[in-house]
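The structure under discussion appears below in the form of C-alpha cells.
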Amino acid sequence: LTGCAGKQETGGDSASVVVGFSQLGAESSWRIANTVSMEQAAKAAGYGLMMENANQKQEKQIDAIRSFIAYRVDVIVFSPIVQTGWDNVLAEAKQADIPVIIMDRMIDTQDDSLYRAYVGADFYAEGVRAGEYLIRKADTLGADHLRIVEICGTTGSTPMQDRQRGFMDVIGKDERFTVIESVDGDFLQSKGEECMRELLQKYGTDGIDVIYSHNDAMTLGALNVLEKEETAGSKDMIIITVDGEKDAVDALKAGKINCVVQCTPHLGPSVMKLVRDVTAGKEIPKVYHPDEGAFSDFDDLTDPAVEGF
Ligand code: GYE
C-alpha cells in the first residue's frame, strides 16, 4: 500500500468494493455535509471508502486520483475544484480501466469517454431561479432601478460559472437591473466578509440594492458585516443566496435573507447506486441532477418543509 498513507478507510471488508474519493476541500457547510453524505452512503452500501481531502488544491486532487489508480480501487469518485485540467489524469484512469464518476462540480472536456457518469446539481437552473425570484421581487416592489452586487464562488468552478450565467440570462436584458460589480468570494465565509466590507466602502449601503451571493457561507459572512453596519442605520437590501444550509434558512425566516435557492449536498446515495451498477457491469445514466427548488419571502416560511441541511 505504498503511497496510501493517511488515507481514511471505512466500512466494507476485503471482498468488498473500494471507492477512491477525492473531495476538493472543506470550504463550506455544504462541503462538510457532502463529505458526510458520501461517508454514510459508502458505509450503508458496505463499500470501503478511501478518501482524500485536497484543501482546495487541484494538484492535490490529481495526486489523489493517481494514488487511487496505483492502489487499483474499483471506482474513482471526485468533485473537481475547477472545470479544466483533468484530461491527462482521467486518461490514466481510463487506461487502467477504472471507472470514474464525477460528483457535484463538473469538468470541461472534449472527451466524455473519460468519465462514466456525472452526479450533481443543475447550477444553471439554480442561477435561473435566483434571477426569477429577483424579477418577481422587483415587480412586487414596483422597482425600476436595482443595483446588484454579485459575490461569486471559486473562479473557474462549475457552480460559479453556471450560477452566474443562469442569473444573467434571466435579468441581463431587463433594464431595471444593473450588476455594478462581481467579486470573487471563493465560496468562503471569511472572503464573503472581506468582499462585503470592500463593497460597502466603495458604494456605501445606499449604493447597493441587491446582493446575489453564490453560496450561503459567503452570504453569512456578508450578513455579519451588514449587521454591524445596520446599527449605523443602513437600508434594507434584497439578499439572494444559494445552498440552503440551516443557518441561511434561519436567516430567511428571520427576514435577513430574501431568497434561498436550494442545492443539495446529499449526493452520496445516488453516487453509491451508480458504483453498484457500474461494478456490476450495468449501463448507467451519464448525467443525474437531483430535484431542487427555492425558498423565499413569497413562501409560507412557517411550513415545516422550509428547512435547511
Ligand atoms: O454551493 C458551495 C460549496 O460545488 C455546489 O461548493 C458546490 C458548492 C456549494 O463550497 O457551498
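All ligand and atom numbering here is 1-based and tracks the order in the structure. Along the sequence shown, residues carry numbers from 1.
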Counting from 1, what ligand 1 atoms have a heavy atom of [X] closer than 4.0 Å?
X      : value
Phe123 : 5 (C)
Ser28  : 2 (C), 3 (C), 10 (O), 11 (O)
Pro159 : 4 (O)

>> Heavy-atom distances under 4.0 Å decide this one: backbone, side chain, both or neither, for Arg163 against ligand 1?
In response: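 Within the 4.0 Å criterion, Arg163 contacts ligand 1 through side-chain atoms alone.
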Electrostatic pair [X]:[Y] at N-O distance under 4.0 angstrom:
X      : Y      : value
Lys137 : Asp297 : yes
Arg136 : Asp139 : no
Glu27  : Arg105 : yes
Lys202 : Glu198 : no

>> For the residue pair Arg163 and Tyr124, would you count it as a cation-pi contact if the rule is NZ or CZ under 6.0 angstrom from the ring centre and within 45 degrees of the ring axis?
In response: no
>> Taking Asp186's backbone N and O only, do any of them form a donor-acceptor pair with Asp184's side chain (distance below 3.5 Å, no angle check)?
In response: yes
> If you measure from each heavy atom of Asp104 to ligand 1, is any distance below 4.0 Å?
Replying inline: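 Flag set, Asp104 near ligand 1.
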> Does Asp243 reach ligand 1 with a nitrogen or oxygen that is under 3.5 Å from one of the ligand's nitrogen or oxygen atoms?
Replying inline: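 Yes; at least one N/O pair falls below 3.5 Å.
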>> Check this for me - ligand 1, His214, N or O atoms closer than 3.5 angstrom, yes or no?
In response: no
>> Among all the protein's non-hydrogen atoms, which is closest to atom 2 (C) of ligand 1, and how far away is it?
In response: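 Nearest neighbour among protein heavy atoms for atom 2 (C) of ligand 1, to 0.1 Å: Asn215 ND2, 3.4 Å.
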> Where the closest heavy atom to atom 10 (O) of ligand 1 is concerned, which of Arg31, Met106, Glu27 has it?
Replying inline: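 Checking each option, the heavy atom nearest atom 10 (O) of ligand 1 is found in Glu27.
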>> Testing the basics here: between Ala26 and Arg31, what is the closest heavy-atom pair and its distance to 0.1 Å?
In response: CA-CG, 3.9 Å
